[in-house]
Structures are given as structure tokens and as C-alpha cells.
Amino acid sequence: MSKKSILLIVLLIICIASVIRFYNLKNQGFLSWDEGMYMNEAVFYRSLIHSIPSFISKYANGTLDAQVIIEDVKGWPPSSAKPMHSFFIYLYSYAVGLDVFSSKCVAATFGIFSVIMLFMLMRLWYGTTIAIVAALFLACSGYHIYVSRIGGPETISTFFILCAWYWYGKSCVDKNSFGKNNYFILLCGIALGLCFTTCYRWIIVIPIIWIYESVRFVKVAATERKVIIKRILLLTISFLFLPILCEMVYWPLHYMPHFEVSFRHMPKNIFGYFNQLIYYLVFQSKAGTFLIHDLYIDFFLKLNGVALTSLSLIGLIMLIKRHSPKDLLVALPGLIVFTVLSIKTRGNSLRYISLALPFIAALAAVALVQLFLYIPLHKKTRTTLIAITALIVSYTSIYNIIELTTIRAGYQSAMEYLRQNHGERHLSTSNAYSEFYFGRNVAEQTPARREDLKTLLQEGAYRYVVLDFMSHRVLKKDTKAIIENYCTPVARIKNDIGKNYFTLIESVGYRHHKKNYIRDALNDPHAAFIEIYDADAVLRVLSVRNRL
């Protein structure tokens, strides 16, 4: 193909990826509780940075103390080991404003960037044809579209890991310049650092490069070992720079008086999360099982499609049989992520496995092209058949996600109702959303047990109780039943995501120890609404109802 033809095809794929990721995105609203958390962290960044001139002035006047900082800064400090994700939302907010759309824009944009980066990576390793097919598969992956429309860190970290793999490949591709192109290793390390501070779970595949370099160290001549040591050191230093910088930013927050009281969501250090991840994988997983059961398989096949999934498995087998180091770098990340993050204790969020999607698309592309090479056909005929098959596979992958682009959450309407009725102080199973709209420490998480709920309501600080489909995960069954059967909501707002198979599972988790959990949640007539109850009325019912 000519360069012009390649450019036009790639631009068409980017257009497809952009349309399906941005269609109706501005009107969709919150789809995941984590989006509210990340938005509150972005508010914290913006508020803190905008307050710096005022802090400097107060410091000069001798009036600055920790309490002043706490009162002036809004939102939540980074409460998970993903500080760079919220920072990207903050940066993006200067273009589109700081609202729900900001976080979704970041995810969708980096989702499109990942398609471009996968094309570049596969073109470097396997040539243009496989690169185009891989990019098309990722652009149309229902699973990747799903995570690109939820404002989480997965697409950002995936983009940076693809950058790291690309730059690492560039550092190895030309044997004549081995040891002279260390700036590619430097870029690789920086990309790994950005990836790790955006979503720490990627630490499980980062060691692949260190191991690969160590194997090369054993195999190369003694004269080249100094070069490999230099590469490993440069990679390690450039990788650790950003995580250590983030740690240094966290340190002052831990020593602020009253900080923990004012910010319920305390910042956690990145390396502490790494230790926690290792703990879950090594120790707790011994007592767990893998989530490869009917619900997980059903979800994965619906979002990725049977054809794409089957091709990826064939591609994995093909690459493993070759025993090629280059093929190993393609096959291992997807295999490790898919396997390790499926462990029971850490695999109950669908977005975790999305980190493997570019590599699944790459494996499927390799399989599709290689399978047609076994058939004795004319080159143009083979290319045409590959294109038709790739389009069919892409359509089957994208089909089930179309419904997600049309649904709309009702939280903004619910918040408007509360604002009009002086209900800023309320209980909610989605308190992260409430605090984004009304401010820090305004809304409280609804207690699961009715005794705790009754005690909290007796304090009289909250005017309303807000229940949504998240209540299926939070409230005890008897507590939820008492409220819904004996209380009448003062407002009932349509909330499409409570009746959507994909968003419901994202929220409630697999709960695979309860066989019919998802089915019952989908059939619940309350799931499709946000129901707002008067707090005093709920308290009266709880006071007289000791049992159903």
C-alpha cells in the first residue's frame, strides 16, 4: 500500500474510534462511583493550585496555617495510588471545564490515542497490514469503548504502557545502533512512570522489560554487558523519578494538623499500594479462585465478541510456538494481566482486565493475517478477504456496546432537586457524586445496617436519604426492603444505568457466591430510578419497624 492509502485508512479508523467514544458522551453523566472520586480529586488539584498565590500572601503576613489551607482547598486529596489520572482531568478541565464531561473526555481521548499507539507499535514489530487490523480491532473493541466512556485511569495507563513498549522496541530494533539510542530507553522509563502513577496495577507487567534485559545480559558478549547495565540503570531511574516525586508531594499532607478529620479520603502513597497489591496476589489469592466463571465469560464475550476472543486465543498459541523474544513482548502482557487480575480478591472490577485489551487486539490481528497466509490466494484477493473479515469481526465486537452510548444517568437531575429543596446535607449510596456537586463532607455514605442508619438519622444532620442502584451493593437486604416497602419517595428520577447489564455489574461487582445476584438486581423495579426519601419519614419507619 502507498503511504497515502495507509494514512487514509488510519484516519478512517481514528474517526470510527472517535465517533463511538464521544457520541452522546456529554449527556451521559456518571456511570461509575470511581468517576465521582476522581472528579473530587481534580477539584482538589485545581483549588489547591489556584489558592497558591493566596497562601504565599498569607505566609508573608504570618497568617498561614494548616487549618487555613484545609478550609480554602476544596475537593478530596488523591485518595488512591493514581494521582496522575486526576491531574490529567485537571489539565483537561481548562479546555472543557471541570464537570463530569472532563473525566470522560480524558478517558475517551486517551482511548483514541491508544488506538494510534497500537498501530505504531504493531507496524514496528509486524508491518503495516497487521498494524491496521490491530488498530481496527482495538478501535471497535466493545470492551475498550466501554472503559473509554467511563472516566477511569485505565485508558490513560494503557496508552503509556503502549508508548513504553513502542520506545523499548525502537531501542532494540536497530542492532547496529545498540547502546547508542539510549534516549528511547529514557522515554520508555518515563512512560512506565506515568503509567504506574496513573494506574498502579500495571506494575505486574513492567518487570517484563527488566527480565528481558537480564536475559540479554546473560546471552550477549562480555563487551556488551556494560551497555545493558547502563540501559537497565537508565530505565530504572527514569521510571522511578515520577513515583518518587509524587511521594514527596504526599509527605507534607501526612503531617498537617486536623488533615485526616477534614478529608475523610486520606492520600495514600503509591508504594504502599504496590505492597498491598503484592499482598493480595501472593497471600489472599491462595484462598481464592479465579473469576473465570459463567458471568465473567458472558460479560467478556458480549463486549469483545466471540470472533475477536477466538482470534486472540489462536494468535496467542501462534506466538508462543515461535519462541521469539519479539513475540514474547506481545503475548506476555495480555496473558499476565488477564490471568493475574482475574484472581478473586482483586478481579471484581471489569475495568481491571481492560488493561490487556490492546494486546488481545494485537494477538487477534496476528492470527487473522497469519491464517489467511496459509491459503494460496492472489495478494489482492487475500488483502480484500482480510479487510472484509476484519470489518465483520469488528462489527460483532462493537454491536453490544451501542446500547451504552444511548443511556443517561439521572444524578445531575437528582442533585438539582436536592439543591432546590435545601437537601445538600443528605445520605447517599453514591456520596462521591453528591460531594462533587455540593462540596466536601456534605453527603455521608448510607450505612448498610438499619441500626446504624437509625442512629445516624437521629442526629438530625441529614434532610434526605438518596437510594439508587448502588443500594444493591451497599444496603443490607432488610434495610433496603424496609425503606422501599414502608416509605414513599418524595422524588423519583429516571436512572438508565441501573437497568443496564454492563454498568450494573461494574457497580455491584460479580458477587459470584450469590448465583442470582445480577439477575435479581436487574429485575428490581427500583433499580432504574434514583429515589429520594425524607429523612424524618425514614427515621419514623425505622423506629416502629423492628422487623418486616
Side-chain angles (χ1 to χ4, degrees), residues 1-11 13-14 17 110-139 141 144 157-192 194-195 202 205-206 208-213 215-216 228 231 234-235 238 312 315-316 318-320 322-335 355-370 373 383 386 390:
M1 286 185 286
S2 65
K3 290 184 178 180
K4 185 177 180 180
S5 299
I6 295 170
L7 178 61
L8 288 174
I9 293 172
V10 172
L11 288 176
I13 292 173
I14 293 171
F110 277 93
I112 297 165
F113 287 169
S114 296
V115 172
I116 300 171
M117 205 66 228
L118 180 62
F119 169 79
M120 295 174 63
L121 176 63
M122 295 306 289
R123 192 181 188 191
L124 175 68
W125 284 348
Y126 291 101
T128 302
T129 302
I130 291 180
I132 289 174
V133 175
L136 177 64
F137 283 165
L138 186 62
S141 165
H144 196 259
S157 56
T158 299
F159 167 73
F160 284 122
I161 204 69
L162 289 172
C163 289
W165 250 240
Y166 174 75
W167 284 319
Y168 182 72
K170 291 283 284 185
S171 75
C172 301
V173 73
D174 188 355
K175 294 182 179 180
N176 294 326
S177 61
F178 180 67
K180 297 179 182 178
N181 46 9
N182 285 328
Y183 60 94
F184 285 125
I185 283 291
L186 178 65
L187 289 172
C188 176
I190 293 172
L192 291 177
L194 283 165
C195 175
W202 260 119
V205 297
I206 288 173
I208 292 176
I209 295 179
W210 273 271
I211 295 170
Y212 185 62
E213 285 290 310
V215 171
R216 293 177 70 182
I228 292 183
R231 284 164 61 89
L234 185 59
L235 181 69
S238 56
S312 65
L316 178 63
M318 286 180 172
L319 294 191
I320 290 175
R322 290 182 186 177
H323 304 291
S324 165
K326 176 183 67 175
D327 295 333
L328 190 67
L329 288 174
V330 177
L332 272 183
L335 185 62
L355 302 172
L357 294 178
F359 299 97
I360 289 175
L363 292 170
V366 169
L368 179 62
V369 175
Q370 290 295 322
L373 289 178
T383 302
I386 289 173

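Remember, predicted model here, so these are calculated numbers, not experimental data. Atoms considered below: every heavy atom in the structure, side chains included; atoms not considered: hydrogens, waters and symmetry mates.
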Taking only residues two or more places apart in sequence, or in another chain, which ones meet [X] in a side-chain hydrogen bond (donor to acceptor under 3.5 Å, both in side chains)?
X	value
Thr383	none
Tyr166	none
Ser141	Asn304

**Asked** What residues form a ring-ring contact (aromatic ring centres under 6.0 Å, His included) with Phe159, not counting sequence neighbours?
**Response**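 Phe159 satisfies ring-ring contact (aromatic ring centres under 6.0 Å, His included) with Phe110, Phe113 once adjacent residues are dropped.
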Restricting to non-hydrogen atoms, name the atom on [X] and the atom on [Y] that form the minimum distance, rounded to 0.1 Å.
X	Y	answer
Met117	Leu162	CG-CB, 3.7 Å
Ile130	Met122	CG2-CE, 3.7 Å
Ser157	Cys195	O-SG, 3.4 Å
Arg123	Ala131	N-CB, 3.4 Å
Trp125	Gly169	NE1-CA, 4.0 Å
Lys170	Leu124	N-CD2, 3.7 Å

Pairwise distance [atom1]([X]) to [atom2]([Y]) - rounded to 0.5 angstrom:
X	Y	atom1	atom2	result
Leu138	Leu118	CG	CG	5.5 Å
Leu121	Ser114	CG	OG	11.5 Å
Ile6	Thr128	CD1	OG1	4.0 Å
Leu11	Leu7	CG	CG	4.5 Å
Tyr168	Ile209	OH	CD1	6.5 Å
Leu187	Leu192	CG	CG	11.0 Å

Problem set entry | Non-neighbouring partners of Ala191 that pass side chain to side chain contact (heavy atoms under 4.5 Å, CB included), sequence neighbours left out |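 With neighbours one apart ignored, the set is Cys163, Ala164, Trp167.
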Expected list for residues 357-370: side-chain donor-acceptor pairs under 3.5 angstrom, two or more places apart:
none

Using side-chain heavy atoms (C-beta onward) and a distance below 4.5 Å, is Ile9 in contact with Phe119?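 Answer no - side chains too far apart.
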query: Do Leu186 and Leu235 come close enough that some side-chain heavy atom pair is under 4.5 Å?
result: no
